[in-house]
Amino acid sequence: MTACFGKKENNVSERSTREDRDAPHAVLQPPGWPRPKGFANGMRARGETVFVGGMIGQDAQGRFAHGFVAQMKLALENIAAVLKEAGAAPRHIVRLTWYVRDMDEYLGDLPALGAAYREVMGRHFPAMAVVEVTRLVEPLARLEIEATAVLPE
């Protein structure tokens with residue numbers, strides 16, 4: 001994956017692991033690689049693993065949010081709700097896999113996508129992959145997001 005949520009940064013890390021005292025996990029950044037924006041190349045985590053199945057932009061009453069960005073935000077909120085049941089929060093997520101129906105729709109308004117993402121996830125950018133798919137189980141869903149979180153030991 002290249003840049004996400006805006007322009008690619010050219011900053012280069014001097015260390016392969018970035019420690020953030022507030023983060024429960026370490027971001028892995030190989031020396032000499034451009035620092036990605038909007039995701040991490042890798043995460044180091046130790047603890048209890050929580051797997052969240054594919055969440056879509058549908059509320060508890062079965063209503064879909066209108067538009068790609070709104071569905072993405074609601075899918076992330078749904079992930080946060082599942083994590084809360086395990087005593088976890090978005091900051092514990094180490095990997096997200098996004099399945100999008102239309103990559104052009106995903107790329108269409110990255111500033112709005114990034115703003116909505118940060119409303120739920122803050123400035124936490126785990127390892128991520130975005131994959132375009134031809135179909136999802138729910139015909140009105142524009143995307144589906146899976147998450148893996150790790151509660152620190």
- Message: Can you tell whether the side chains of Lys73 and Glu119 come within less than 4.0 Å, N to carboxylate O?
- Response: yes
- Check the hydrophobic clustering (I, L, V, M, F, W, Y; side-chain heavy atoms under 4.5 Å; chains of links allowed) and say if Leu113 and Val130 are grouped together. yes
- Item | N/O donor-acceptor pair under 3.5 Å between Asn78 side chain and Gln58 backbone | yes
- CG (Leu107) and CZ (Phe68) are apart, to the nearest 0.5 Å, by 8.5 Å
- Query: To the nearest 0.5 Å, how far apart are CE in Met103 and CH2 in Trp98?
  - Reply: 11.0 Å
- Atom CD1 of Ile145 and atom CE of Met55: how far apart are they, to the nearest 0.5 Å? 10.5 Å
- Note on the structure: Rounded to the nearest 0.5 Å, the CD atom of Glu144 sits from the CD atom of Glu138 at a distance of 9.0 Å
- Distance col, row Thr49:OG1 vs His92:NE2, nearest 0.5 angstrom, shows 12.0 Å
- Message: I need the single residue from Val52, Leu76, Val50, Leu83 that forms a side chain to side chain contact (heavy atoms under 4.5 Å, CB included) with Ile93. Which is it?
- Response: Leu83
- Message: Measuring only between side-chain heavy atoms, which start at C-beta, is Asp102 closer than 4.5 Å to Glu132?
- Response: yes
- Message: Would the distance check show the side chain of Arg118 and the main-chain N or O of Gly114 forming a donor-acceptor pair, the cut-off being under 3.5 Å?
- Response: yes
- Close side-chain approach of Leu96 and Met121, heavy atoms under 4.5 Å: yes
